[in-house]
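Numbers for residues simply follow the sequence, beginning at 1.
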Amino acid sequence: QVQLVESGGGLVQAGGSLRLSCAASGRTFSTTAMGWFRQSPGKERQFVARIGWSGGTTYYADSVKGRFTISADNAKNTVYLRMNSLKPEDTAVYYCAARHNWWSGFGSLAGTREYDDWGQGTQVTVSS
């Protein structure tokens, strides 16, 4: 099992930027991919981005492509989500997730069931 702790959320004006961090501890050697998801009140948890833990390949939801960047520092066991040009519709609780099952390196891994461990979430609020 991997413990995940997100940080970096907050209140920002539309057009602004934030960088979220997700620090992993525990059995991180078994991680094959990391993802970011978000959830707004009354809505299902939505995929944002994912990164392969060894190869670093990335995949983004269409709604954030070109504005958000996912990256990883394997030495620090930390994943980041840089969010630029934020919009009010980006307001949500952002969660990071870790996958341990074997993965070919291809595919979106956009479903919540693709991941095994989840953080507690960090609130991002974008004001108009």
Side-chain angles (χ1 to χ4, degrees):
Q1 189 176 8
V2 172
Q3 292 76 45
L4 304 171
V5 178
E6 301 97 334
S7 61
L11 174 64
V12 64
Q13 288 188 333
S17 299
L18 282 175
R19 190 181 79 158
L20 306 183
S21 300
C22 174
S25 61
R27 296 173 63 87
T28 57
F29 60 87
S30 65
T31 301
T32 55
M34 297 284 290
W36 283 98
F37 289 74
R38 64 188 182 187
Q39 189 168 19
S40 303
K43 295 187 177 181
E44 293 187 351
R45 195 164 294 189
Q46 178 187 43
F47 170 77
V48 175
R50 67 94 174 129
I51 186 166
W53 197 237
S54 58
T57 60
T58 58
Y59 184 85
Y60 297 91
D62 288 341
S63 59
V64 306
K65 199 173 295 182
R67 300 188 297 124
F68 291 12
T69 303
I70 187 171
S71 62
D73 186 333
N74 297 66
K76 295 182 178 180
N77 289 323
T78 301
V79 175
Y80 304 97
L81 185 69
R82 177 67 179 182
M83 305 184 294
N84 295 328
S85 303
L86 282 162
K87 306 174 182 179
E89 51 264 43
D90 294 318
T91 295
V93 177
Y94 282 71
Y95 298 90
C96 71
R99 174 185 174 91
H100 307 301
N101 288 337
W102 179 84
W103 175 48
S104 66
F106 299 96
S108 64
L109 296 183
T112 56
R113 295 184 177 183
E114 302 282 4
Y115 299 86
D116 304 293
D117 297 301
W118 293 84
Q120 83 291 347
T122 185
Q123 176 71 46
V124 172
T125 303
V126 184
S127 62
S128 57

Give the C-alpha distance, both sets of side-chain angles, the deciding distance and a yes or no for side chain to side chain contact (heavy atoms under 4.5 Å, CB included) between Tyr115 and Arg50.
-> CA-CA 11 Å; Tyr115 299 86; Arg50 67 94 174 129; 3.3 Å; yes

Please step through side chain to side chain contact (heavy atoms under 4.5 Å, CB included) for the pair Met34 and Leu4, ending with a clear verdict.
-> CA-CA 10 Å; Met34 297 284 290; Leu4 304 171; 3.8 Å; yes

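Here the straight-line distance linking atom CG of Asn77 with atom OG1 of Thr28 works out to 4.0 Å at 0.5 Å rounding. Tyr80 OH to Cys96 SG: the interatomic distance, rounded to the nearest 0.5 Å, is 12.0 Å. The CD atom of Glu89 sits 8.5 Å away from atom OG1 of Thr91, with the distance rounded to the nearest 0.5 Å. Distance check: Gln13 CD to Ser127 OG gives 5.0 Å after rounding to the nearest 0.5 Å.
Taking all atoms of both residues into account, the shortest heavy-atom contact from His100 to Thr32 is O-CG2, 3.8 Å. Between Arg82 and Ser17 the shortest heavy-atom distance is NH2-CB, 3.6 Å. Scanning all heavy atoms of the two residues, the minimum distance from Tyr95 to Glu6 falls at CA-OE2, 3.3 Å. Scanning both residues, Tyr60 and Ala49, for their nearest heavy atoms gives CD2-CB, 3.6 Å. The shortest heavy-atom contact between Gly121 and Val93 is CA-CG1, 3.8 Å. The shortest non-hydrogen separation linking Tyr94 to Leu20 is CB-CD1, 3.5 Å.
With respect to Arg38 and Asp90, a salt bridge is recorded, a charged nitrogen being found less than 4.0 Å from a carboxylate O.
Cluster annotation: Tyr59 and Trp53 are assigned to distinct hydrophobic clusters (Ile/Leu/Val/Met/Phe/Trp/Tyr, side-chain heavy-atom contacts under 4.5 Å, transitive). Under the 4.5 Å side-chain contact rule for hydrophobic residues, Phe68 and Trp36 share a cluster. By the rule that hydrophobic residues join a cluster once side-chain heavy atoms approach within less than 4.5 Å of another member, Val2 and Leu109 end up as members of separate clusters. One hydrophobic cluster holds both Val48 and Val126 under the rule that ILVMFWY side chains link at heavy-atom gaps under 4.5 Å. Note: the hydrophobic cluster containing Leu18 also contains Val79 (ILVMFWY, side chain heavy atoms under 4.5 Å, direct or indirect links).
Formation of a donor-acceptor pair under 3.5 Å by the Arg99 side chain with backbone atoms of Trp102 is found in this model. Thr31 contributes no side-chain N or O that, together with a main-chain N or O of Ala33, makes up a donor-acceptor pair within less than 3.5 Å.
You'll find the side chain of Gln3 stays beyond 4.5 Å of the side chain of Val5, heavy atoms only. In this structure, the side chains of Thr57 and Ile51 stay at 4.5 Å or more apart for every pair of heavy atoms.
Residues Phe37 and Trp118 place their aromatic rings such that the two centres sit under 6.0 Å apart.
Other residues, nucleotides and ligands place more than 12 heavy atoms under 6.0 Å from the NZ atom of Lys65.
Remark: the Thr78 side chain and the Asp73 side chain contain no N/O donor-acceptor pair separated by less than 3.5 Å.
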